[in-house]
Amino acid sequence: MPRKFKILLISAYSGSKSNVLNSIISTSFYPSITLEQLLSITPEKYDVTCIDERIESVDLNWHDYIVGISAMTPSANRAYFLADEFRKRGNIVVLGGYHPSAMPLEAKEHADSVVIGEAELSWPKLIKDLENKKLKPFYQPSFISSEKIPPAKQIFMKYHKMGMVQATRGCPYACKYCAVKNVEGKKFRSRPIKNVINELKSLKTKRFFFADSSLTINPEYTKKLFQEMIGLNKKFSCYGNIHTLYDDEDLLKLASDAGCEQWLIGFESIDQKTLNQIGNKPNKVKDYSVAVNKIRDHGMMIMGLFIFGFDTDKPDIFQSTLKAVYQMNIDRAGFAILTPFPGTQIYQQFENEGRILTKDWSKYNLRNVVFQPKNFSPQQLLYERNKIAKEFFSISNSIRRTLLDDQLTINRMVKRLFVDNFFNVIYRKR
Ligand code: B12
Ligand code: SF4
């Protein structure tokens, strides 16, 4: 008779939950679709408990469980600590997610087994192997065909104001600093539209986020999806690439009709030289401004994401980026410090050049300098990035930008003045 296991699934979180502001940030947005997806592929006969460390503390006193822990790079140290403690208490520990997928040998030091890449095929197999006392140390990457991806089991909805759904996986652009290929691979796969629509219909929240790397990789698929979403009465945000949004008015119109409130766009840099060197993403700086205008004309907001610290960046990049963000009227912005996540090309390059300054993974959160930049000192990069972030997120600046912005509807103006400024205060405090 095979042994019957109880399963504990944890999404490790490295940030502090001790202050109220942090906890508002980490819980008010999205549920962990990672755990919800793992739950949906776990055989029904098992008792499963899921803990998202952003919302609940983990008590270490569990015994005789299979403990599956999910880790991104900044939460890897925390995941390893939990893994070690659970193993001491007689549990079987499995590590998975972005960091273990990129560093399986390191992860294996803390776990009985490591799942590399997607889990849809490996996790059920691992459980079967455990039942038969044949657990393997590593489960190699295997990509499930997209029509077989089951809907996530929405167990965390009660904690969150937004749902999360994933329609597609994989990104062919393979930017040098991006970790997506480590798990989802470079081949783009899209779920059947009816499956996505059914999942959306079952969402209890009006608002949700598409956990897709980019919804503009196959615009024809996305247009059909958006067409089917019209009438569902949902509001959503999603990632997209600027070069596609620039010249596809039909896509913009359908997105707006389907309820898109915001595009998250990796502009990455306002320097074309930098863009040409960081991967295959065909961003064209000269088109940014027109594209931004078109998206906003369709009533959608833009969260522009920028990265600082590339080898082609010179000390004037900070102020010129801020100026460009203001000139283009980008609604929201994120300013990241280039972070060489393990498994990426840039990590390999910096490792080969001896430029990785620390492997304290908890610092790999886009807010610390963990490598030796080419044209600045690490301190200068951190200081300049923080300086422009502080200016951009200042309340006075936000009010001024909002009042001067003639493309804003009253509704969006109110949202910018109250909601955005509330979060600006939190970001500045962090
Ligand atoms: C949505 C999202 C978020 C959300 C929610 C994340 C979550 N799941 O809790 C939020 C906004 C909170 C977030 C935060 C961050 N994110 Co993020 N995020 C994403 C995004 C767009 C989708 C992730 C997702 O939900 N995918 C869907 C689920 C189902 O897939 P999955 O998590 O990969 O899980 C599958 C496998 O990995 C595996 N698996 C995962 N865990 C486990 C555990 C076990 C035991 C097993 C067996 C298998 C397994 O099985 C799952 C099913 O196949 C990805 C990009 C992408 N396309 O993946 C970036 C991404 C994961 N994020 C990234 C980063 C850098 C961050 C931040 C550091 C950014 C920041 N400064 O705020 C933080 C870190 C937060 C933390 N925990 O420490 C990087 C990760 C790089 C890395 N090596 O860690 C990515 C890849 C983006 C990128 N382009 O590089 N993120
Ligand atoms: S386009 Fe986006 S998701 Fe794709 S590789 Fe580049 S950064 Fe990653």
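Along the sequence shown, the residues carry numbers beginning at 1.
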Does one side chain, of Tyr177 or Gln345, offer a donor that lies under 3.5 Å from an acceptor on the other? no
Item checked: Note, Phe226 side chain near Cys260 side chain (heavy atom, < 4.5 Å) -> no
Keeping the roles fixed (side chain from Ser122, backbone from Ala119), state whether a donor-acceptor pair exists under 3.5 Å. no
inquiry  = Check whether Arg401 reaches the backbone of Asp331 with its side chain - one donor and one acceptor, N or O, closer than 3.5 Å.
reply    = yes
>> If we ignore hydrogens and angles and just use 3.5 Å, is the side chain of Thr222 paired with the main-chain N or O of Leu215 as donor and acceptor?
In response: yes
Report task. Ignoring hydrogens and angles, tell me if any N or O in the side chain of Ser394 forms a donor-acceptor pair with the backbone of Asn397 under 3.5 Å. Result -> yes
Q) Is there a donor in the side chain of Glu106 and an acceptor in the side chain of Tyr80, or the other way round, less than 3.5 Å apart? A) yes
With side chains defined as the heavy atoms from C-beta onward, is the minimum distance between Asp250 and Lys223 less than 4.5 Å?
yes
Hits for ring-ring contact (aromatic ring centres under 6.0 Å, His included) against Phe210, two or more places apart or cross-chain, chain-then-number order -> Phe208, Phe236
Test item: Asn91 side-chain N/O and Val93 main-chain N/O as donor-acceptor pair under 3.5 Å
no
**Request:** Indicate yes or no: at least one non-hydrogen side-chain atom of Phe318 is less than 4.5 angstrom from one of Asp313.
**Result:** no
Donor-acceptor contact below 3.5 Å, side chain Arg191 vs main chain Gln166: yes
Closest heavy-atom pair, Cys50 versus Glu56, reported as atoms and distance to 0.1 Å, is O-OE1, 4.4 Å
Query raised in the report: With a 6.0 Å cut-off on ring centres, are His110 and Phe86 close enough?
Result: no
**Item:** Asn276 versus Gln272, side-chain donor and acceptor atoms under 3.5 Å
**Value:** yes
Residues at least two apart in sequence or cross-chain that pass side chain to side chain donor-acceptor pair (under 3.5 Å) with Gln154, listed by chain then number, are Ser202
Please check if any side-chain donor atom of Ser362 sits under 3.5 Å from a side-chain acceptor atom of Asp360, or the reverse. yes
- Task: Flag this pair as yes if the NZ/CZ of Lys284 is under 6.0 angstrom from the six-membered ring centre of Tyr246 and inside a 45 degree cone about the axis; otherwise no.
- Result: no
With Glu261 as partner, the option from Arg296, Lys415, Arg332 fulfilling salt bridge (Lys or Arg N to Asp or Glu O under 4.0 Å) is Lys415
> Can you tell if the side chain of Glu249 reaches within under 4.5 Å of the side chain of Lys253, non-hydrogen atoms only?
Replying inline: no
Q) Could you walk me through whether Trp263 and Asn241 pass the side-chain contact (heavy atoms from CB on, under 4.5 Å) check? A) CA-CA 9 Å; Trp263 286 96; Asn241 293 95; over 6 Å; no
Is any side-chain heavy atom of Leu338 closer than 4.5 Å to a side-chain heavy atom of Ile346? yes
message: Between Ile66 and Tyr46, does the side-chain contact (heavy atoms from CB on, under 4.5 Å) criterion hold? Intermediate values first, please.
response: CA-CA 10 Å; Ile66 303 176; Tyr46 290 103; 5.7 Å; no
Original post:
Does a donor on one side chain sit under 3.5 Å from an acceptor on the other, for Ser75 and Ser14?
Top reply: no
TODO: Given side-chain contact (heavy atoms from CB on, under 4.5 Å), test Gln379 with Val369 step by step and report yes or no.
DONE: CA-CA 8 Å; Gln379 294 77 6; Val369 184; over 6 Å; no
(Q) Under a 3.5 Å distance rule, please check whether Thr274 uses its side chain to pair with a backbone N or O of Ile270 as donor and acceptor. (A) no
- Flag the pair Glu53 and Arg78 as a salt bridge only when some basic side-chain nitrogen lies within less than 4.0 angstrom of an acidic carboxylate oxygen. yes
For Pro137 and Lys108, the nearest pair of non-hydrogen atoms, with its separation, is CB-CE, 3.4 Å
ask   = Taking side chain as C-beta onward, heavy atoms only, is Ile41 less than 4.5 Å from Trp123?
value = yes
Please walk me through it: do Cys178 and Cys171 pass side-chain contact (heavy atoms from CB on, under 4.5 Å)?
CA-CA 10 Å; Cys178 176; Cys171 180; over 6 Å; no
Taking every heavy atom of Met300 against every heavy atom of Leu252, the minimum-distance pair comes out as CE-O, 3.3 Å
Residues 167-180 vs salt bridge (charged side-chain N to carboxylate O under 4.0 Å, His left out), sequence neighbours excluded, gives Glu118-Arg169, Glu120-Arg169
So, does Asn365 use its side chain to make a donor-acceptor pair with the main chain of Pro74 at under 3.5 Å? no
Next item on the list: Please confirm whether the backbone N or O of Gly170 pairs with a side-chain atom of Glu184, one donor and one acceptor, at under 3.5 Å?
Entry: yes
*Is it true that the side chains of Ser101 and Asn182 contain a donor and an acceptor less than 3.5 Å apart?*
no
Nearest heavy-atom approach of Leu381 to Pro373 is CD2-CG, 3.7 Å
Q) Are the side chain of His63 and the backbone N or O of Arg89 linked by a donor-acceptor pair below 3.5 Å? A) yes
Could you check whether Asn293 and Gln407, counting side-chain N and O atoms only, form a donor-acceptor pair closer than 3.5 Å?
yes
Using a strict 4.0 Å threshold on nitrogen-to-oxygen distance, state whether Asp52 and Arg54 make a salt bridge. yes
Nearest heavy-atom approach of Ala167 to Leu225 is CB-CD2, 4.1 Å
Note: Asn283 and Gly266 closest approach over all heavy atoms is ND2-O, 3.1 Å
Between Lys125 and Asp129, does at least one N-O distance fall below 4.0 Å, as a salt bridge requires?
yes
ring-ring contact (aromatic ring centres under 6.0 Å, His included) test vs Phe306 passes for just one of Phe267, Tyr288, Phe392, namely Phe267
Only one of Arg416, Arg400, Arg412 passes salt bridge (Lys or Arg N to Asp or Glu O under 4.0 Å) with Asp405, and that residue is Arg416
